[in-house]
Amino acid sequence: MAFSFASVRSQFPAFQRNINGKPAIYLDGPAGSQVPLSVAEAVTKVLLHHNANHGGYFATSEECDAIVAEVRKSTAQLLNAPKDTEIVFGANMTTITFALSRALAQQWQQGDEIVVTQLDHDANVSPWVRAAEDRGVTVRRVKIKIPECTLDLDHYHQLLSPRTRLVALGAVSNATGTRNPIKEMIRSAHDVGALAFIDGVHHTPHLSVDVQDWDCDFFVCSAYKFFGPHVGILWGKSEWLESLKPYKVRPAPETSPDRWMTGTQNFAAIAGVGAALDYLADIGLAVIENEQIPYKSLQDPGTAKKSSEQRRDHFLLAFQAIEQEERRLSIAFLQELSKIPAVKIWGITDPGAVGDRVPTFSFTHASHSPTKIAKYLGENGIFCWHGNYYALPLTEALGLEPEGMVRVGALHYNTTSEVEQLVACLHQLT
Ligand SMILES: Cc1ncc(COP(=O)(O)O)c(C=O)c1O
């Protein structure tokens, strides 16, 4: 029997929810995914049985430290980080980025430049702009191509110069689902001597990450977007995490990653991140077990489950399957939404180019505002987002402020039938 994504839905209590007698349809994933039961159980377990601050010589503290160390290891495998000590946990991506930007900016001088983009979430723009203002540094902004909402790469290359100290790039847009060619963009940044900071928040729920292959300097993501609780994650090359000077209190450790993890962490939530990663690795394992995929480093799936060495392989297989499933969903969105001529999708619309996007769609309607559409869908049990979802540089560039767009986004647990129901509901409204 081939592995089917329908089987994962039973792990999510949220799918038992009804609105007006009909199952809720979660197309709000880009703002935060639902979580499997195992994630909530892992959080509860820490609160009930291992609740202590870290670094003590007593059972609960030692257990708590062991849990965080295990989750850090698993996170390193998710990102293909060379060292566990390069994984920093924090409150969320925005908070981490503000902290890092302040520390990095200490190295900048007047005359220096940084590069941000019009396609990014503002959390990958404002922290850098504010730090640049503090240091008298010039901010360059990469334009987008309209209406496909891809980055203008010629413009990007024009902006790079030996004065560029940092490029802040999004791997995937949280508004239009556009995948950016970040590996090439990182290489170009390095060619002029700039550092590359990658916002992977909207990439990580959909696609595999490989910070070594990309050769970025920093990568950030947020676990509540990939089936876990609210925890932000930063990966940075050791050379930067160790040489930069974080804003920290004096008694806190000087060694990485602790020097970057200001204050007491949310250990229970970090345990939940571990369970979310187990969930993803288990998808990889299920793919092997159900499809008998020959995968060179996996001899026996039974022993594989126990071996954390093979976890990276499980993540890769899981994301291979997720990507395939999500391309089907992208095609369904494009086909279904094209049945309503009044709907205009902002982003890649060519069904032959679904490999260049994830199934996150933003659209406007010729006669109904985004707020009206989102309210109508919400009343009908279809959860989606409206406005700019903090991708403010994009809605400004598109001239769509203040109303913004409607965003419907699928994750691997969504179905093509849900996409059809979305469009049927939009038909009713119009
Ligand atoms: C692409 C992108 N970057 C950054 C963020 C900010 O993440 P956080 O909520 O963890 O601060 C979001 C949140 O929606 C996002 O979608």
Side-chain angles (χ1 to χ4, degrees), residues 26-35 75 78-79 87-102 116-130 142 144 149-151 167-180 182 185 196-207 209 216 218-235 260-263 265-266 269-270 272-273 276 346-347 357-362 374 383-397 404-411:
Y26 296 91
L27 296 179
D28 62 332
S33 60
Q34 299 307 310
V35 301
T75 308
L78 179 79
L79 308 183
I87 302 293
V88 175
F89 295 115
N92 49 53
M93 177 277 187
T94 307
T95 307
I96 287 176
T97 306
F98 268 111
L100 181 69
S101 67
R102 274 210 296 170
V116 298
T117 90
Q118 285 187 331
L119 193 54
D120 270 83
H121 188 287
D122 203 53
N124 197 25
V125 178
S126 281
W128 305 114
V129 171
R130 293 295 301 274
V142 186
I144 50 159
C149 298
T150 53
L151 287 176
V167 300
L169 306 172
V172 177
S173 157
N174 72 314
T176 61
T178 315
R179 289 174 71 173
N180 294 320
I182 45 166
M185 295 179 82
F197 174 94
I198 305 299
D199 174 358
V201 173
H202 202 65
H203 177 106
T204 313
H206 301 283
L207 300 157
V209 178
C216 48
F218 301 98
F219 176 89
V220 276
C221 57
S222 222
Y224 74 98
K225 310 283 189 179
F226 59 85
F227 323 105
H230 289 80
V231 175
I233 297 163
L234 163 72
W235 169 83
W260 292 96
M261 294 182 26
T262 47
Q265 296 299 309
N266 187 340
I270 291 173
V273 177
W346 297 90
R357 60 147 44 258
V358 301
T360 301
F361 289 85
S362 279
F383 303 169
C384 70
W385 220 256
H386 64 285
N388 61 38
Y389 5 99
Y390 285 24
L392 179 62
L394 174 69
T395 47
E396 283 173 341
M405 306 176 275
V406 180
R407 179 181 65 185
V408 284
L411 289 160

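The structure displayed is predicted, hence computed values, not measured ones. Side chains are part of it too, since the values below use all heavy atoms of this structure and drop only hydrogens, waters and symmetry mates. Ligands are counted one by one from 1 in listed order, and the atoms in each one are counted from 1 as well.
Taking a cut-off of under 4.0 Å to the non-hydrogen atoms of N92, the atoms of ligand 1 that pass are 8 (P), 10 (O), 11 (O). Applying the 4.0 Å criterion to heavy atoms of S222 picks out, from ligand 1, the atoms 8 (P), 10 (O). Of all atoms in ligand 1, listed by their number and element, those nearer than 4.0 Å to a heavy atom of N174 are 1 (C), 16 (O).
Here V201 has side-chain heavy atoms under 4.0 Å from ligand 1, and that is the only part of it that gets that close. Residue contacts with ligand 1 for D199 involve side-chain atoms from C-beta outward but no N, CA, C or O (heavy atoms, distance under 4.0 Å).
Between the side chains of H202 and T360, at least one donor-acceptor pair of N or O atoms lies under 3.5 Å. For the residue pair T176/S173, the side-chain donor-acceptor check at 3.5 Å is satisfied.
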Side-chain donor-acceptor distances from residues 221-228 under 3.5 Å, at least two apart:
unit_1, atom_1, unit_2, atom_2, d
K225, NZ, P30, O, 2.9

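Using cut-offs of 30° and 60° on the angle between ring planes, the pair F219 and H203 is perpendicular.
In terms of protein heavy-atom proximity, atom 13 (C) of ligand 1 is closest to K225 NZ, 3.1 Å. Protein heavy atom nearest atom 7 (O) of ligand 1, with residue, atom name and distance: M93 CB, 3.5 Å. If you check which protein heavy atom lies closest to atom 11 (O) of ligand 1, you get T94 OG1, 2.5 Å.
At least one heavy atom of Y224 lies less than 4.0 angstrom from ligand 1.
Here the CG atom belonging to L79 is positioned 7.0 Å from the OG1 atom belonging to T204, to the nearest 0.5 angstrom.
Between the choices H230, H121, H202, the shortest heavy-atom distance to atom 12 (C) of ligand 1 belongs to H121.
For A123, no nitrogen or oxygen atom sits less than 3.5 Å from a nitrogen or oxygen atom of ligand 1, counting backbone and side chain alike.
Remark: of the listed residues Y389, W346, W385, Y389 is the sole one forming a side chain to side chain donor-acceptor pair (under 3.5 Å) with S362.
Residue pairs satisfying the salt bridge (charged side-chain N to carboxylate O under 4.0 Å, His left out) criterion with at least one member in residues 169-178, sequence neighbours excluded, are absent.
Of the possible polar contacts, one joining the D199 side chain to the V201 backbone as a donor-acceptor pair under 3.5 Å is found.
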